[in-house]
Amino acid sequence: MGDETHGGLRSDQFSGLMLLALALYVGWENRAYPIGTLQEPGPGYVPLLLAVFLGVTGLLIALRGGKSAPLASIRWTETSRAVVILAACGVALFALERIGYRLTVIALLVFFLGVIERRRPLPVAMVALGFGLASYYVVGDLLHVPLPRSPWGF
């Protein structure tokens, strides 16, 4: 029990430090945008608030995480699955501009639900089509956010 009571980085401490590092990165990248004032916030105002909140949260998690499991004792049984998911997201990143938002989201959800999660084909197709089309409608059409279209206009 000596390994569990002293020394070594704990899992919650590591997670908190990673959140803090992400917050610092977002804050650093946000310096390119004007912050503005409380009465007239600029484009960097909300990202800065989110970075500060994330940083404070990460710091609190790191400081209070002394009773979590030691980082060295964690078994990484889902590592290969995580790598496949990250690789699929990377492929989707490059596919987004080439085949458009809707087709990329549909293909990504078919891969996640059909291949990785091994769900039945009909629910996979319904969820993938429904989410791909509905999310484009909400974000692209209702909110007027420009999303990439496929070369075929879809």
Side-chain angles (χ1 to χ4, degrees), residues 9-62 65 68-69 71-72 74-154:
L9 192 61
R10 304 291 182 161
S11 62
D12 287 350
Q13 291 171 329
F14 179 75
S15 299
L17 291 174
M18 289 297 103
L19 285 176
L20 181 61
L22 178 63
L24 290 172
Y25 174 74
V26 169
W28 177 260
E29 290 297 323
N30 190 53
R31 65 188 159 72
Y33 301 107
I35 296 173
T37 64
L38 185 59
Q39 290 78 22
E40 290 192 36
Y45 193 82
V46 172
L48 182 62
L49 285 178
L50 291 173
V52 168
F53 175 75
L54 187 64
V56 168
T57 303
L59 190 60
L60 289 173
I61 291 171
S68 62
L71 189 60
I74 295 177
R75 304 290 172 242
W76 300 92
T77 58
E78 296 290 327
T79 303
S80 59
R81 185 178 213 169
V83 169
V84 169
I85 290 171
L86 284 174
C89 290
V91 169
L93 176 72
F94 290 107
L96 193 60
E97 291 294 327
R98 290 164 181 76
I99 65 171
Y101 174 84
R102 288 178 270 210
L103 293 176
T104 301
V105 169
I106 291 168
L108 195 60
L109 286 173
V110 165
F111 179 74
F112 285 159
L113 298 173
V115 177
I116 294 178
E117 291 296 322
R118 294 187 179 111
R119 302 293 180 192
R120 291 177 296 164
L122 183 60
V124 166
M126 290 173 55
V127 167
L129 284 170
F131 188 81
L133 298 175
S135 65
Y136 186 91
Y137 175 71
V138 170
V139 175
D141 294 337
L142 295 180
L143 297 176
H144 303 291
V145 174
L147 294 173
R149 291 182 175 264
S150 73
W152 313 281
F154 182 67

Could you report the tightest heavy-atom contact between [X] and [Y], atom names first, then the distance?
| X | Y | answer |
| --- | --- | --- |
| Ser150 | Leu103 | CB-CD1, 4.0 Å |
| Tyr33 | Pro43 | CB-C, 4.2 Å |
| Leu96 | Thr104 | CA-OG1, 3.4 Å |
| Leu20 | Gly55 | CD1-O, 3.6 Å |
| Ser11 | Ile74 | CB-CD1, 3.3 Å |

Worksheet entry | Worked verdict on Val91 versus Phe111 for side-chain contact (heavy atoms from CB on, under 4.5 Å) | CA-CA 11 Å; Val91 169; Phe111 179 74; over 6 Å; no
Item to complete: Just jot down the side chain to side chain donor-acceptor pair (under 3.5 Å) partners of Glu117, sequence neighbours excluded, or say none.
Response: Arg81
Discussion item. Are there over 12 heavy-atom neighbours, none belonging to Arg120, within less than 6.0 Å of that residue's CZ?
Written reply: no
Expected output: side-chain [X] to main-chain [Y] donor-acceptor under 3.5 Å:
| X | Y | value |
| --- | --- | --- |
| Arg10 | Ser68 | yes |
| Arg98 | Ala95 | no |
| Asn30 | Gly44 | yes |

How long is the span from the [atom1] atom in [X] to the [atom2] atom in [Y], to the nearest 0.5 Å?
| X | Y | atom1 | atom2 | answer |
| --- | --- | --- | --- | --- |
| Phe131 | Leu108 | CZ | CG | 10.0 Å |
| Leu19 | Phe14 | CG | CZ | 10.5 Å |
| Leu142 | Tyr136 | CG | OH | 11.5 Å |

Practice prompt. Take Phe112 and Arg119 through the test side-chain contact (heavy atoms from CB on, under 4.5 Å) and record every step on the way to the result.
Written response: CA-CA 9 Å; Phe112 285 159; Arg119 302 293 180 192; over 6 Å; no
Fill in: Non-neighbouring partners of Arg75 that pass salt bridge (charged side-chain N to carboxylate O under 4.0 Å, His left out), sequence neighbours left out
none
Fill in: side-chain contact (heavy atoms from CB on, under 4.5 Å) evaluation trace for Ile116 with Ile85
CA-CA 8 Å; Ile116 294 178; Ile85 290 171; 3.8 Å; yes
Fill in: Audit row: Val124, Leu109, side-chain contact (heavy atoms from CB on, under 4.5 Å) steps and yes/no
CA-CA 8 Å; Val124 166; Leu109 286 173; over 6 Å; no
With a 4.5 Å cut-off on side-chain heavy atoms, are [Y] and [X] touching?
| X | Y | value |
| --- | --- | --- |
| Leu54 | Val26 | no |
| Arg102 | Tyr137 | no |
| Gln39 | Thr37 | yes |

